[in-house]
Amino acid sequence: MKKLVLFLTIMFMTMSYGQEIKQVPLINVNGEGKVKVAPDQVCISASVETKGNNAKDVKKQNDEKMDAVLKFIKKMNIPTADFKTKQVALNPQYDYEKKKTSYNATQTVEIVVKDLAKYDELMEGLVQQGINRIDRVSFESSKLAQYQSEARKLAMKDAKTKAEEYVAVLGQKVGKAFTISDNSQVYHPQPMYAAMRMKEADSMGASNETLAIGEIEITANVSVSFVLD
């Protein structure tokens, strides 16, 4: 009996508490902020891939080519902290038709180039030294966190401006933010090569530039619920 009385008391208190909750008048809006900046560094992921029928020979060839690549990177005065080996693999590949096993060796190096003027020379040299696969080229900003912060502030200002415009016609005012959700995006431009070959450009007296870097676009999207006063 005591348990039943306690249960009814708790349930009554819960119901009474629920009845006291008042709905807060809110306005829900979306805001967007964009910041466009020129990249100041490029991240390159490149690989040396060799194939053959003898595992030992394939690995040796791969190691020699990668050694030449790393020496070239150092020769380009890229700081040691700005390049590193990302992947090393030696995999057997069985051909069921010929009933033979071949081997595929791969080493991948990732390079961060903070002097964009070195880009063309570096890429050309990497290929000459043995790189036969460019996995990724991404232009980036070393101040990304700063620009993301700027984009978020612009997005919040945009959301508040929209909310104020909506409620102004109703004679109301926008109060404190009740909930905020954020979804930021970053666009990393890929290199765009000129259609004309460098030799052809030379013959016409044109510049040797083969790269149009573009801009990085940092976008912040926020959804905000404001309390209406």
Side-chain angles (χ1 to χ4, degrees), residues 37-145 186-216:
V37 297
D40 60 5
Q41 63 184 33
V42 58
C43 182
I44 302 168
S45 179
S47 300
V48 173
E49 186 174 8
T50 53
K51 298 180 180 180
N53 296 323
N54 184 285
K56 184 177 179 180
D57 292 341
V58 169
K59 183 180 183 303
K60 181 180 178 182
Q61 292 173 16
N62 195 268
D63 289 341
E64 289 175 350
K65 290 182 179 180
M66 181 53 73
D67 181 62
V69 167
L70 295 177
K71 286 179 179 177
F72 170 72
I73 294 172
K74 293 177 182 178
K75 187 177 179 181
M76 287 290 296
N77 294 319
I78 305 295
T80 304
D82 291 342
F83 65 92
K84 58 185 175 182
T85 300
K86 291 289 291 184
Q87 180 184 0
V88 178
L90 177 62
N91 299 313
Q93 295 179 332
Y94 186 73
D95 189 327
Y96 288 94
E97 292 184 1
K98 297 181 180 180
K99 295 182 179 181
K100 291 183 179 181
T101 300
S102 61
Y103 296 88
N104 184 17
T106 305
Q107 291 190 62
T108 302
V109 61
E110 187 175 272
I111 314 159
V112 177
V113 184
K114 296 178 180 178
D115 183 358
L116 296 181
K118 294 181 178 180
Y119 176 83
D120 281 326
E121 183 181 354
L122 177 66
M123 292 293 282
E124 183 178 352
L126 289 175
V127 174
Q128 291 176 348
Q129 296 302 323
I131 289 292
N132 51 14
R133 200 179 76 201
I134 302 297
D135 300 310
R136 182 175 65 93
V137 176
S138 177
F139 288 91
E140 303 171 352
S141 172
S142 60
K143 299 179 181 178
L144 181 60
V186 181
Y187 165 68
H188 295 289
Q190 300 298 313
M192 298 296 292
Y193 293 94
M196 187 179 298
R197 294 181 181 178
M198 289 179 64
K199 290 184 180 179
E200 295 173 342
D202 286 340
S203 64
M204 298 177 63
S207 170
N208 282 343
E209 291 186 7
T210 61
L211 195 66
I213 297 174
E215 291 182 314
I216 298 174

Evaluate side-chain contact (heavy atoms from CB on, under 4.5 Å) for Leu126 paired with Val69, printing each intermediate quantity in order. CA-CA 6 Å; Leu126 289 175; Val69 167; 3.8 Å; yes

Yes or no on side-chain contact (heavy atoms from CB on, under 4.5 Å) for Asp115 and Asn77, after CA distance, side-chain angles and deciding distance? CA-CA 10 Å; Asp115 183 358; Asn77 294 319; over 6 Å; no

Which heavy atom in Leu122 sits nearest to a heavy atom in Phe72, and how many Å separate them? O-CE2, 3.5 Å

Considering all heavy atoms of both residues, which atom of Ser141 and which atom of Ile216 are nearest to each other, and what is their separation? N-CD1, 3.3 Å

Which pairs, with at least one residue in residues 74-94 and sequence neighbours excluded, count as a ring pair (Phe, Tyr, Trp, His ring centres under 6.0 Å)? Tyr94-Tyr96

Work out which heavy atom in Pro39 is nearest to a heavy atom in Glu215; give both atom names and the distance. CD-CA, 4.3 Å

From the list Thr85, Asp67, Asp63, side-chain hydrogen bond (donor to acceptor under 3.5 Å, both in side chains) partner of Gln107 resolves to Asp63

Residue of the set Asn62, Asp135, Thr106 for which side-chain hydrogen bond (donor to acceptor under 3.5 Å, both in side chains) holds with Ser47: Asp135

Does Asn132 use its side chain to pair, donor to acceptor, with the backbone of Glu49 at less than 3.5 Å? yes

Would you check, one step at a time, whether the test side-chain contact (heavy atoms from CB on, under 4.5 Å) holds for Val112 with Gln41? CA-CA 7 Å; Val112 177; Gln41 63 184 33; 4.2 Å; yes

Please round to the nearest 0.5 Å and tell me the distance separating atom CD1 of Ile131 and atom CD1 of Ile111. 7.0 Å

Hey, are the side chains of Asp40 and Leu116 touching, using non-hydrogen atoms and a 4.5 Å cut-off? no

Look only at the side chain of Lys59 and the backbone of Leu90, and say whether a donor-acceptor pair between them is shorter than 3.5 Å. no

Please identify which of these residues, Lys65, Lys60, Glu64, Met66, meets the side-chain contact (heavy atoms from CB on, under 4.5 Å) condition with Thr50. Lys65

Value for OG1 (Thr80) from NZ (Lys74), rounded to nearest 0.5 Å, stands at 6.5 Å

Pairwise side-chain contact, Gln129 with Val48, heavy-atom cut-off 4.5 Å (strictly under): no

Asp57 vs Tyr103 side-chain heavy atoms within contact, under 4.5 Å: no

Would you say Val137 and Met123 make side-chain contact, with heavy atoms under 4.5 Å? yes

Smallest heavy-atom separation, Thr108 atom then Ser45 atom, equals CG2-OG, 3.5 Å

Whether over 12 other heavy atoms sit under 6.0 Å from Glu121 CD: no

Leu70 CG to Lys75 NZ distance, which is reported to the nearest 0.5 Å: 14.5 Å

Once you round to the nearest 0.5 Å, how far does CG of Asp82 lie from CD of Glu110? 10.5 Å

Value for CD (Gln61) from CG (Asn54), rounded to nearest 0.5 Å, stands at 9.0 Å

